[in-house]
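Computed over heavy atoms, backbone and side chain alike; hydrogens, waters and symmetry mates excluded. Chain identifiers are assigned alphabetically (A, B, ...) following the order of the sequence lines, protein sequences preceding nucleic acid strands; residue numbering begins at 1 within each chain. For clarity, every value in this text was computed on a predicted model and none was experimentally measured.
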Amino acid sequence: MGYYLSSSHLLIGLPQISINMPVHLLSDGAGPPRQVPSHLSRIPITLINTSVDCTDRTVQGRVVHKGPLVPTAADSFILKAVVTEESEQIVGSINVILQGTLAQDFSQSVHQGDVVAASGFTVGKSPTRLRDKLHPFNLQLSGDHACVFVSREVPPHPPHPRSLAVVRRASAASTEVSRVTKVPKYMYVRLKDLKPGTVVNVYGVVVFFKQPFRTRGTDFCSSLKITDQSNQSVFCTIFCEKLEDHPKIFQIGDIIRLHRVKTQFFNDSIMLVNTFGFSVVTFDGGEGGPVEPRTSCQKFHFDETDGSTVEELRAWAAGQVKMPPSPLMRLSAVQPTNYFDLTCQLLAKASIDSTCTLLRVWDGSRCAHTLLKVNISPDIIEGPPSFSARKEELIANILVYDNHVEFTRQLKPGDFLRLYNLRAIPGSQKVPGLPSSQPAELHHLSFHLHGGTAYGRGLRILPENSSDVQELKRVLDLFEDDELNNSYLMDTWSTTPESSAGAEAAGGLELLDDRHPEQLSEVRRAGPGGVHHVRVQLRSYEPQKLHQLLKLYCSKCSSMQDVPDEELVENLFSQASRSPVPCDPPPWALSGMARLPPGPLKRTLSIHMSKQLVSEGKTTQLIFIMGSSLEEAIQLTSGYQNVVPVMSSGGHMTLLDLSAPFLFRGRKRFYGCRNCSDVVIKEPWGNGVELINEKTIAEAFGIQLMQFVFLMKFKLQDATDSLDVFLFRDAELFFGVTAEDAAANQEAQSRVCRMVESICPPEDSTGERPWLHLCLVSYSREDDFGQNQTCYQICHSAIASSSPDLQAPFHPPF
DNA sequence: GTTTAGGGTTGG
């Protein structure tokens with residue numbers, strides 16, 4: 001079936017379904033969206049870039065990730081999704097950013113797994129491309145022309161006849177629309193109103209649960225206890241043969257909806273057991289978060305009343321003091337004898353014997369106590385046998401016993417896990433499988449997942465899209481970043497402050513996540529390895545000269561350097577042209593003199609072009625120039641797509657010193673890393689290379705391409721403390737501008753400058769200093785003296801300005 | 001047309 005979503009809620013003259021949602025059913029159908037208007041032609045995701053005209057084009061693919069609906073300033077919304085297109089071994093994935101009512105509609109009506117077609121989009125640089133390794137560009141959908149067509153897989157069976165299903169059965173033979181009229185809704189019984197011997201539907205907040213465990217019968221069993229606004233708590237037992245049919249409960253406070261459970265008496269109280277036609281859906285219990293149903297069921301009823309029921313239960317539970325506290329702990333907080341739940345990533349595992357498996361996990365924080373070391377022969381370890389000394393310090397060895405061993409067999413290194421009711425045990429322990437000559441050391445803390453299911457003991461894999469995993473990944477990613485070992489981030493900032501121009505606009509900062517803010521003093525107390533949401537003002541920032549916040553960064557050796565200024569580059573060019581040593585042109589080159597458009601030549605300027613490219617008529621693709629000034633090289637970019645300045649060295653053609661750009665493309669300049677490049681000029685178009693750009697040229701010349709990055713230091717303050725934080729990893733997201741654009745383009749630079757001034761108006765201006773909602777991640781790094789120091793970075797936060805000036809989409813003028 | 005379990009920690 002298809003929907004038409006549009007930010008202006010356009011109906012295009014087709015029947016409307018009576019679902020009370022701002023979504024319009026066009027026609028029934030399965031497979032690829034076939035109701036897409038015929039004037040739209042499809043463009044493969046892999047071909048998307050900013051120089052392709054995307055008017056009347058569609059991008060089609062499957063929604064493999066759907067992010068939360070995030071409120072922004074000015075009462076709007078933003079939602080991010082990832083769409084994947086698979087065809088003939090080519091797989092392309094691209095980030096899709098939806099705004100406004102389109103984001104709301106998408107959030108409500110589109111599920112992960114749906115096939116969508118998007119049109120009316122604009123193409124932008126993806127600020128997360130370095131991190132998510134997805135497409136270098138993204139699709140931006142907002143405004144009246146943007147729309148999304150949705151198609152959903154045909155469910156294997158017709159839905160329950162009484163259900164007002166979001167997903168209706170599609171008939172391949174017919175495109176007739178089945179209208180839904182006056183469908184009876186599900187009735188939900190309050191828990192205190194349950195009567196024995198009835199089959200009911202209920203909603204509740206989970207106050208206790210066990211992950212499914214194997215019974216002596218044919219099924220797995222989930223045990224849980226739920227409560228609701230009637231203040232009654234009721235025990236439930238769910239029997240299902242398949243694990244995927246069991247409730248997906250991640251933590252206490254989750255919301256659960258049970259359909260077709262029967263009531264029965266046991267021990268003088270009423271309880272619930274699943275019965276025929278049973279189905280279950282769960283939701284995160286966090287107030288303000290997106291209402292995303294968790295189910296493996298393809299077809300399930302979900303409408304706007306479900307959304308509000310979940311919200312009501314969340315709000316009610318948030319005000320209940322009797323709700324059990326969460327046993328979740330970071331490793332850094334764990335004390336001897338604690339029982340606790342742990343969210344972590346599995347790094348390696350080893351089967352010790354039939355009753356015990358070792359899981360090596362981390363959560364990015366460091367336990368305050370010395371941890372048990374388990375020496376396991378490398379040949380029984382699945383995953384890396386060892387890690388860097390720095391990382392090993394964060395790894396917890398967890399011994400999993402008895403009934404839980406079976407579940408660990410399906411785990412793979414890299415999985416995100418939640419372990420329930422772990423025990424931290426101090427002192428000497430007999431570890432099974434270890435020779436008695438190697439007893440666990442005294443006073444070392446060991447972690448055990450004991451046998452049995454008491455207190456919900458167990459473990460489960462958490463899906464990557466869950467918010468807890470997303471948060472954990474941000475912490476872990478930071479640790480993995482080698483750049484954080486780079487002392488650059490710790491260098492003293494030598495910039496002298498200078499007064500900037502008056503602030504033009506008062507901006508606001510919007511966190512792409514809605515949490516209760518913490519105070520800076522709490523953040524400081526918490527130490528490294530955490531994610532914090534704060535409400536702060538920006539007291540000052542460094543550097544104050546904007547061009548200095550752009551750096552060149554090598555992802556291979558993690559070195560960072562300033563972008564060379566114009567004078568330095570000019571000098572390198574004039575040095576290279578001062579010694580006109582003759583040079584044998586390479587055998588593949590045609591050589592001659594350049595005509596510089598416009599204006600006369602100031603001196604001899606020799607040029608080299610590829611014979612092959614010239615023979616193919618591609619005369620403007622690539623030019624090598626020798627003896628030119630910087631200015632002349634820049635002029636040549638108007639006539640040639642790739643301009644490579646070269647010089648003669650030992651009779652051979654070579655590049656200028658790598659402090660200079662090795663390539664000019666339009667306004668963009670590309671630099672190579674001095675440490676990691678091994679320059680040999682070869683034909684970049686060999687081996688069937690069709691495209692000539694900075695990547696293919698760098699590869700052919702043995703150059704390690706450097707990236708433009710932003711790096712700033714902010715001093716944040718609130719009523720309790722002040723804190724120095726870096727803006728680095730998520731800086732492009734923060735500014736909504738890529739560093740590469742800012743490097744090539746004055747307009748982008750001034751945009752960033754205005755944004756910084758809007759959140760930190762100069763002292764002498766009348767502008768008020770806005771309060772900013774920011775997400776901070778804390779991590780530990782070693783300083784030059786071997787001391788661990790806690791650092792902070794702004795993550796996952798973006799400027800959402802109310803100023804029209806800043807809000808206008810940015811289009812590079814070329 | 002319904003067996004299984006029916007929360008509650010000491011254990012390597």
Side-chain angles (χ1 to χ4, degrees), chain A residues 194 196-199 204-227 233-243 245-247 249 251-252 254 256 260-278 324-325 327 329 334-342 350-359 372 374 376 397-405 408 419-436 438-440 444-459:
Chain A
L194 292 173
T198 56
V199 174
V205 183
V206 175
V207 290
F208 169 79
F209 67 101
K210 287 182 179 184
Q211 294 301 332
F213 55 93
R214 200 180 277 289
T215 64
R216 282 189 251 269
T218 57
D219 295 337
F220 285 92
C221 174
S222 289
S223 278
L224 52 140
K225 197 187 224 172
I226 59 174
T227 185
S233 62
V234 173
F235 194 82
C236 314
T237 302
I238 309 294
F239 294 108
C240 290
E241 205 167 351
K242 292 184 194 151
L243 279 174
D245 295 334
H246 279 262
I249 305 172
Q251 62 183 331
I252 285 171
D254 282 353
I256 191 166
R260 293 170 217 101
V261 282
K262 63 183 178 189
T263 54
Q264 55 184 230
F265 257 110
F266 178 75
N267 276 350
D268 294 334
S269 51
I270 211 155
M271 60 161 298
L272 295 165
V273 185
N274 59 316
T275 184
F276 304 106
F278 160 77
M329 282 179 136
V334 172
Q335 298 301 325
T337 75
N338 281 166
Y339 287 101
F340 64 101
D341 292 356
L342 180 69
S351 172
I352 288 176
D353 61 33
S354 64
T355 67
C356 182
T357 300
L358 170 71
L359 301 182
L372 170 77
V374 184
I376 294 290
N397 292 307
I398 295 178
L399 295 161
V400 176
Y401 293 98
D402 304 338
N403 53 318
H404 310 299
V405 166
T408 63
L419 301 158
Y420 299 94
N421 197 237
L422 278 180
R423 182 90 203 270
I425 301 180
S428 182
Q429 292 289 319
K430 166 90 180 79
V431 176
L434 291 184
S436 49
Q438 188 224 323
H444 284 197
L445 208 51
S446 58
F447 298 114
H448 301 248
L449 186 68
H450 290 302
T453 64
Y455 282 89
R457 206 172 269 170
L459 68 163

Residues in side-chain hydrogen bond (donor to acceptor under 3.5 Å, both in side chains) with A:Thr408, at least two apart?
A:Thr357
Using atom P in both nucleotides, what's the gap between B:dT10 and B:dG6 to the nearest angstrom?
15 Å
Do we see a donor-acceptor contact under 3.5 Å between the side chains of A:Thr355 and A:Asp353?
yes
Considering only B:dG11, B:dG7, B:dT4, which nucleotide approaches the side chain of A:Arg457 most closely?
B:dG11
Send over the distance from A:Tyr339 OH to B:dG11 P, rounded to a whole Å.
10 Å
Going by centres under 5.5 angstrom and planes under 30 degrees, do the aromatic ring of A:Tyr401 and the base ring of B:dG12 stack?
yes
Whole-Å distance between B:dT9 P and A:Asn421 CG?
10 Å
Check: B:dG12 base within 3.5 Å donor-acceptor of A:His450 side chain:
yes
From CZ of A:Phe209 over to P of B:dG8, roughly how many Å is that when rounded to an integer?
14 Å
If you measure from CG on A:Asp341 to CG on A:Leu419, what distance do you get to the nearest 0.5 Å?
8.5 Å
Taking the six-membered ring of A:Phe208 (Phe, Tyr or Trp), confirm whether the NZ or CZ of A:Lys210 is under 6.0 Å from its centre and within 45° of its axis.
no
Look at the side-chain N and O atoms of A:Lys210 and state whether any lies under 4.0 Å from the OP1 or OP2 oxygen of B:dA5.
no
Sugar-phosphate only, base, or nothing, as touched by A:Gln264 at under 4.0 Å among non-hydrogen atoms:
base
Is there a donor on the side chain of A:Arg423 or the base of B:dT10 sitting less than 3.5 Å from an acceptor on the other?
yes
The residue, A:Thr275 or A:Thr237, whose nearest nucleotide of DNA chain B is more 5′ is A:Thr275
So, does the side chain of A:Asp402 form a donor-acceptor pair with the base of B:dG11 at under 3.5 Å?
no
Record whether the side chain of A:Tyr420 comes under 3.5 Å of the base of B:dG7 through a donor-acceptor pair of N or O atoms.
no
Non-neighbouring partners of A:Asp254 that pass side-chain hydrogen bond (donor to acceptor under 3.5 Å, both in side chains), sequence neighbours left out:
A:Arg294
Residue A:Asp219, side-chain heavy atoms: nucleotide from B:dG12, B:dT3, B:dG8 that is nearest:
B:dT3
Between A:Phe239 and A:Lys225, name the one whose nearest nucleotide on DNA chain B is closer to the 5' end.
A:Phe239
Distance, rounded to the nearest Å, where A:Asn403 contributes CG and B:dG7 contributes C1'
14 Å
What's the CZ-P distance between A:Phe266 and B:dT4, to the nearest Å?
12 Å
Need one value for A:Gly452: base, sugar-phosphate or nothing, where a base atom within 4.0 Å counts as base even if backbone is also close, heavy atoms only.
nothing
Which class fits the ring pair A:His448 and A:Tyr401: parallel under 30°, tilted 30 to 60°, perpendicular over 60°?
parallel
Starting at CE of A:Met271 and ending at P of B:dT4, how long is that distance when rounded to a whole Å?
13 Å
Length of the line joining A:Phe213:CZ and B:dA5:P, which is rounded to integer Å
7 Å
Just how far, in rounded Å, is C1' of B:dA5 from NZ of A:Lys262?
13 Å
Given the 90°-from-0 boundary between syn and anti, B:dG7 should be labelled anti
Of the candidates B:dT3, B:dG8, B:dA5, the side chain of A:Thr453 sits closest to B:dG8
